[in-house]
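Each remark here refers to the structure printed beneath this line.
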Amino acid sequence: VQLQASGGGLVQAGGSLRLSCVASGRAFSSTARGWFRQAPGKEREFVAAVSWGGGRTYYADSVKGRFTISRDSAKNTMYLQMNSLKPEDTAVYYCGEKRGYNAQAMSMMGKHIDYWGQGTQVTVSS
């Protein structure tokens, strides 16, 4: 599986961005895909995930109510709509896939993700 993330950029605080992650391989119903981010000098952290089969979603507390994760199974693509962006959201955002687990379980996997995309930079200015 290859994951290709895109959609990052520079935006002012309070603005919005939508990230996309296109996958080259088939997603099985027991697969979770999600977004993680890594700011300079910090560990990579979980942002949001979706269970590909059932569509259930799970979010980090820091983005709940501002970010929305979704999927288009026909296009094998995942999205992250980011609204009300804050300077602390600045990071490189990575999409990932974990097989055999659901979205909530993916949030606890840390770096133990089966496949990673290449990352896309999101910068929020104050």
Side-chain angles (χ1 to χ4, degrees):
V1 174
Q2 289 187 328
L3 304 173
Q4 182 76 30
S6 63
L10 173 64
V11 64
Q12 288 188 331
S16 299
L17 281 174
R18 189 176 83 151
L19 305 184
S20 300
C21 178
V22 181
S24 63
R26 174 191 171 193
F28 297 93
S29 60
S30 59
T31 292
R33 287 183 180 163
W35 293 95
F36 294 73
R37 65 188 181 186
Q38 188 165 16
K42 294 188 177 182
E43 295 286 319
R44 190 172 297 189
E45 65 174 3
F46 170 79
V47 175
V50 57
S51 298
W52 206 258
R56 187 161 290 187
T57 59
Y58 194 79
Y59 296 91
D61 288 342
S62 59
V63 306
K64 208 171 289 184
R66 300 188 297 124
F67 291 10
T68 302
I69 190 170
S70 62
R71 80 201 196 294
D72 184 331
S73 298
K75 295 181 179 179
N76 210 6
T77 300
M78 174 177 66
Y79 304 97
L80 185 68
Q81 178 66 43
M82 305 186 294
N83 298 329
S84 302
L85 282 161
K86 305 175 181 179
E88 51 263 44
D89 294 318
T90 295
V92 177
Y93 283 69
Y94 298 89
C95 55
E97 176 176 306
K98 183 66 180 178
R99 295 188 174 181
Y101 292 86
N102 61 24
Q104 185 173 0
M106 192 180 192
S107 72
M108 298 181 282
M109 289 293 165
K111 296 180 180 179
H112 302 290
I113 302 300
D114 296 327
Y115 302 98
W116 288 108
Q118 86 288 3
T120 185
Q121 176 71 47
V122 172
T123 303
V124 184
S125 63
S126 57

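Note that the numbering runs from 1 along the sequence shown for the chain. Remember, predicted model here, so these are calculated numbers, not experimental data. We use all heavy atoms of the structure for the numbers below, so side chains are in, but hydrogens, waters and symmetry mates are not.
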Non-hydrogen side-chain atoms of Thr68 and Met82 separated by less than 4.5 Å: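 No, every pair of side-chain atoms sits at 4.5 Å or beyond.
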Please examine the side chains of Gln12 and Val124, heavy atoms only from C-beta on, and report whether any two atoms are closer than 4.5 Å.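 Answer no - side chains too far apart.
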Would a distance-only check, ignoring hydrogens and angles, find a side-chain to backbone donor-acceptor pair under 3.5 Å from [X] to [Y]?
X	Y	answer
Lys98	His112	yes
Tyr59	Ile69	yes
Asn102	Ser51	no
Arg37	Arg44	no
Ser107	Ala105	no

Nearest-0.5 Å distance, [atom1] of residue [X] to [atom2] of residue [Y]:
X	Y	atom1	atom2	value
Arg33	Leu3	CZ	CG	6.0 Å
Gln81	Asn83	CD	CG	4.5 Å
Trp52	Arg71	CH2	CZ	6.5 Å
Asp72	Tyr79	CG	OH	5.0 Å
Asp114	Met106	CG	CE	8.0 Å

Going hydrophobic residue to hydrophobic residue with side-chain gaps under 4.5 angstrom, can you get from [X] over to [Y]?
X	Y	answer
Phe36	Val122	no
Ile113	Val92	yes
Met109	Tyr94	yes
Met78	Val63	yes
Val22	Leu17	no

Describe, in one word, how the ring planes of Phe67 and Tyr93 are oriented to each other, choosing from parallel (under 30°), tilted (30 to 60°) and perpendicular (over 60°).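 Tilted.
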Might you work through the side chain to side chain contact (heavy atoms under 4.5 Å, CB included) test for Glu43 and Lys111, ending with a clear yes or no? CA-CA 10 Å; Glu43 295 286 319; Lys111 296 180 180 179; 3.7 Å; yes
Residue Phe46 excluded, over 12 heavy atoms near CZ under 6.0 Å: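 Yes, the 6.0 Å shell around CZ holds more than 12 heavy atoms from other groups.
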For Arg66, what residues pass the side-chain hydrogen bond (donor to acceptor under 3.5 Å, both in side chains) criterion, not counting sequence neighbours?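 Residues passing side-chain hydrogen bond (donor to acceptor under 3.5 Å, both in side chains) with Arg66: Asp89.
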For Lys42, all residues meeting side-chain hydrogen bond (donor to acceptor under 3.5 Å, both in side chains), sequence neighbours excluded: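 Not a single residue meets the side-chain hydrogen bond (donor to acceptor under 3.5 Å, both in side chains) criterion with Lys42.
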Please find the pair of heavy atoms, one from Trp35 and one from Leu80, that lie closest to each other, and give the distance.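 Taking every non-hydrogen atom into account, NE1-CB, 3.5 Å.
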Tell me the disulfide bond (SG atoms under 2.5 Å apart) pairs involving residues 15-111, sequence neighbours left out?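 Listed once each, the pairs are Cys21-Cys95.
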Taking disulfide bond (SG atoms under 2.5 Å apart) as the cut-off, I'd like each qualifying pair that reaches into residues 97-126, sequence neighbours left out, listed once.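 Not a single pair qualifies under disulfide bond (SG atoms under 2.5 Å apart).
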Determine which pairs satisfy side chain to side chain donor-acceptor pair (under 3.5 Å) with at least one residue from residues 117-126, sequence neighbours left out, and list them in order.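 Residue pairs with at least one partner in residues 117-126: Gln121-Thr123.
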Under the rule for side-chain contact (heavy atoms from CB on, under 4.5 Å), what residues qualify as partners of Gln2, not counting sequence neighbours?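 With neighbours one apart ignored, the set is Ser24.
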